[in-house]
There are 2 protein chains.
Amino acid sequence: MRNPTLHDVARAAGVSYSTADRVLNGRGGVAMKSIQRVRQAIDDLGYRRDITAANLSRRRSYRFAAYVPPGDHGFFSAIRRAFQDQAEARAGQRISVDLRDGLDGPPADCDCAVLAGAGQDRIDALIAGDVPVVALVTDMPGLRAYIGIDNLAAGRTAGRLHRIAHRGRQARVLPVMGSAGLRDHRDRLAGMAEILGAESLLPPIEVQDNPDRMRDLLGHALRADPGITGIYSIGAGNRGLIPLMRDMGENRPFVVLHELTPHSRAGLLDDLIDVVIDQKPAEEVACALEVMKAIADGETPGSVTITPAIFFKENLPGVSA
Amino acid sequence: MRNPTLHDVARAAGVSYSTADRVLNGRGGVAMKSIQRVRQAIDDLGYRRDITAANLSRRRSYRFAAYVPPGDHGFFSAIRRAFQDQAEARAGQRISVDLRDGLDGPPADCDCAVLAGAGQDRIDALIAGDVPVVALVTDMPGLRAYIGIDNLAAGRTAGRLHRIAHRGRQARVLPVMGSAGLRDHRDRLAGMAEILGAESLLPPIEVQDNPDRMRDLLGHALRADPGITGIYSIGAGNRGLIPLMRDMGENRPFVVLHELTPHSRAGLLDDLIDVVIDQKPAEEVACALEVMKAIADGETPGSVTITPAIFFKENLPGVSA
DNA sequence: AAGAAAATGATTGACGTCTTTCATTTGCCG
DNA sequence: CGGCAAATGAAAGACGTCAATCATTTTCTT
């Protein structure tokens with residue numbers, strides 16, 4: 001009934017505990033035929049190492065470092081909070097997370113580090129150390145894994161939503177980027193272009209994720225072209241978009257934007273925007289920690305693609321979620 | 001640096017390990033002032049019981065029973081598979097899941113049971129025992145918790161999607177239920193009615209989650225009323241819907257249905273249906289196990305509401321997910 | 001103040017794995 | 001066959017908690 005222990009394996013293989021241990025943990029100095037007998041016994045009994053006992057014995061604790069851009073930038077503050085929550089929730093699992101904002105020099109004193117949505121600039125310094133680093137939110141070459149959404153697919157999804165909303169009518173969708181320099185944003189735009197086609201997609205404007213610039217530039221664009229029937233806000237700064245929609249009233253374009261924040265949530269509830277594509281920061285962070293744990297355990301996990309959530313007014317999660 | 005142990009707590013409180021243990025585990029026979037000093041020390045040191053060590057010591061293993069309707073009913077076979085996968089994945093966490101199909105008599109020999117989408121009939125027998133039971137997929141009164149989606153919200157979301165797809169035009173949406181006797185289905189229909197209004201919502205037809213009946217009854221309804229512009233398939237049996245849409249070609253109605261299955265996936269990819277609302281069986285099962293674990297640990301977790309995923313052709317997860 | 005009851009301390013052996021140390025056996029080589 | 005290296009076995013002490021036992025001290029009763 002009880003799960004077999006390594007002692008059971010040793011007995012079944014007809015070797016001593018020591019030898020079974022040497023095989024299991026690859027300590028070497030074991031004859032080939034013993035290795036095979038132990039392996040066989042492990043298979044036969046369906047033995048699985050009791051990780052909790054193992055970690056207890058090793059008094060292993062996972063020490064992670066998380067680099068998250070500073071500021072209460074809406075989205076990244078959600079990421080930051082998610083790290084704090086997760087660190088709290090996993091304290092019993094011997095996982096500790098050290099939140100850092102500056103990224104001066106390679107991470108030290110930790111088993112694995114995670115870098116959330118930073119630019120490419122200082123990455124080299126991070127990789128330089130012998131601490132493995134994974135990417136969160138924004139994929140970056142040279143890191144051990146990427147945890148985040150497929151931005152191309154997100155853009156396609158936004159395109160599909162606009163197509164559905166324009167059934168039969170000619171769409172004229174204005175993409176609003178944070179910056180064309182960001183790969184995430186370019187990917188989303190490219191995804192939308194795949195679905196909508198050039199004739200429906202206007203040239204993008206760039207607002208640097210800034211609400212004020214959003215208000216100014218988008219407001220200007222809307223006045224300049226009254227034929228705009230849709231908006232795809234690719235980055236942040238949506239706080240500046242909401243009042244513009246309020247001013248337009250019934251004739252506002254169909255709006256799809258990213259990230260569920262208090263502002264976008266209110267926008268949905270007030271019928272000022274139509275769809276929010278959310279990358280579920282809490283889930284991303286949880287996945288990131290799993291991946292980091294696996295890396296720290298010596299496994300080589302692949303990247304994890306989060307399927308973004310699509311929110312309308314009607315399926316907003318409660319405040320607790 | 002190291003996390004404090006109960007020994008540290010005892011030392012800080014100026015009592016013996018035994019007393020600290022008696023306080024921590026509520027064994028009684030401790031003077032009030034000792035209790036307070038231990039509590040204080042726990043707070044001061046930020047002590048948290050090392051659950052892995054505790055479980056190791058108790059040689060606790062969680063034994064769960066899962067009642068899933070038999071048959072390869074598409075959705076429930078996914079649930080079944082998810083239980084198997086999770087059981088496999090959590091074998092190292094001392095969690096074992098016993099999959100049962102019939103529900104004869106109360107569950108025995110387990111710490112908690114989960115009942116997936118069964119009718120109300122035999123529940124009383126299940127509750128009769130002293131094993132706590134939680135509900136999966138279908139909420140049922142009298143059980144300890146419900147893990148599943150908010151069906152009302154799902155119906156509203158489907159309604160919203162139809163509204164978006166009908167912008168400007170009058171919608172005539174035909175709801176296709178499995179059975180009006182199922183609470184889940186009634187809730188979904190009610191949710192859609194909230195959004196669409198009576199003039200856009202046709203009287204529902206019932207196909208008993210059966211592909212053949214779906215084909216017959218829905219085919220008949222579509223021929224009888226060529227003005228149908230939308231379909232909301234609330235239950236299962238969508239395999240019978242796909243060929244009907246293929247026959248209608250370009251003029252097919254806008255289709256929203258539930259559950260991502262091989263058939264509905266193919267339907268999306270072939271542009272024969274438009275939206276799939278999925279309740280993410282794997283995630284539901286994982287949540288259910290977490291809840292059951294918490295219950296077995298003596299906590300009293302609340303119900304968990306899963307936010308369903310919305311899939312278009314463009315954001316289908318890869319086969320691996 | 002004696003005796004009973006309550007509270008506390010001290011100790012021990014699990015749980016399953018890790019890790020190290022030391023002794024013993026086996027195989028191989030010349 | 002002696003000698004040396006490789007392979008194996010045996011044992012023990014962690015890791016932090018649980019759970020039980022027994023001895024001792026404190027507190028309360030009458």
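Just so we're on the same page: letters track the sequence lines, and every chain starts at 1.
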For Ala65(B), is there any backbone N or O sitting under 3.5 Å from a side-chain donor or acceptor partner on Arg100(B)?
no
Atom CG of Leu56(B) and atom C1' of dA14(D): how far apart are they, to the nearest Å?
13 Å
Just how far, in rounded Å, is P of dC15(D) from OH of Tyr17(B)?
13 Å
Between CG on residue Leu136(A) and CE on residue Met292(A), distance to nearest 0.5 Å:
9.0 Å
Rounded to the Å, how far apart are Asp21(A) CG and dT8(D) C1'?
13 Å
Expressed as a whole number of angstroms, how long is the span from Asp50(A):CG to dC15(D):P?
18 Å
Give a yes/no answer on whether the side chain of Arg58(B) brings an N or O atom under 4.0 Å of OP1 or OP2 in dT17(D).
no
Mind checking the CG-CZ spacing from Leu24(A) to Arg49(A)? Nearest 0.5 Å is all I need.
4.0 Å
Starting at atom CZ of Arg27(A), determine the distance to atom P of dT8(D), rounded to an integer number of angstrom.
15 Å
When you match Arg22(B) and Tyr47(B) each to their closest nucleotide on DNA chain D, which lands nearer the 5' end?
Tyr47(B)
Expected output is a numbered-order residue list: members of residues 28-41 of chain A with a heavy atom under 4.0 Å from any atom of DNA chain C. What is it?
none
Kindly compute the distance separating OG (Ser96(B)) from OH (Tyr62(B)), expressed to the nearest 0.5 Å.
12.0 Å
How far apart are the C-alpha atoms of Asp184(B) and Thr138(B), what are their side-chain angles, what is the distance that settles it, and do they pass the side-chain hydrogen bond (donor to acceptor under 3.5 Å, both in side chains) test?
CA-CA 7 Å; Asp184(B) 307 11; Thr138(B) 301; 2.9 Å; yes
With side-chain contact (heavy atoms from CB on, under 4.5 Å) as the criterion, how do Val304(A) and Glu284(A) come out once you've worked through the C-alpha distance, each side chain's angles and the decisive distance to 0.1 Å?
CA-CA 9 Å; Val304(A) 178; Glu284(A) 278 186 332; over 6 Å; no
Distance test, side-chain N/O of Ser18(A) to OP1/OP2 of dG9(D), below 4.0 Å:
no
On DNA chain C, check which nucleotide each of Asn55(A) and Ala20(B) is closest to and give me the residue with the more 5' one.
Ala20(B)
If only atom types and distance count, is the side chain of Asp111(A) paired as donor or acceptor with the main-chain N or O of Ala296(A) below 3.5 Å?
no
Nearest to the side chain of Ser57(A) - dA14(D), dG9(D), dT17(D)?
dA14(D)
First and last nt of DNA chain C near chain A, cut-off under 4.0 Å to heavy atoms, 5' to 3', are dG16(C) to dT19(C)
Check against side-chain contact (heavy atoms from CB on, under 4.5 Å), Arg265(A) and Leu316(A)
CA-CA 8 Å; Arg265(A) 182 186 200 90; Leu316(A) 281 173; 4.0 Å; yes
What is the distance, to the nearest angstrom, from the CZ atom on Arg11(A) to the P atom on dT8(D)?
19 Å
I'd like to know if the side chain of Asp8(A) and the backbone of Thr5(A) have a donor-acceptor N/O pair within less than 3.5 Å.
yes
Measuring from atom CZ of Arg37(B) to atom OG1 of Thr19(B), what distance do you get when rounded to the nearest 0.5 angstrom?
10.0 Å
Enter the distance from Asp278(B):CG to Thr261(B):OG1 here, rounded to the nearest 0.5 Å.
9.0 Å
Estimate the overall bend of the helix from dA1(C)-dT30(D) to dG30(C)-dC1(D) from the end axes over five pairs each, rounded to 10 degrees.
30°
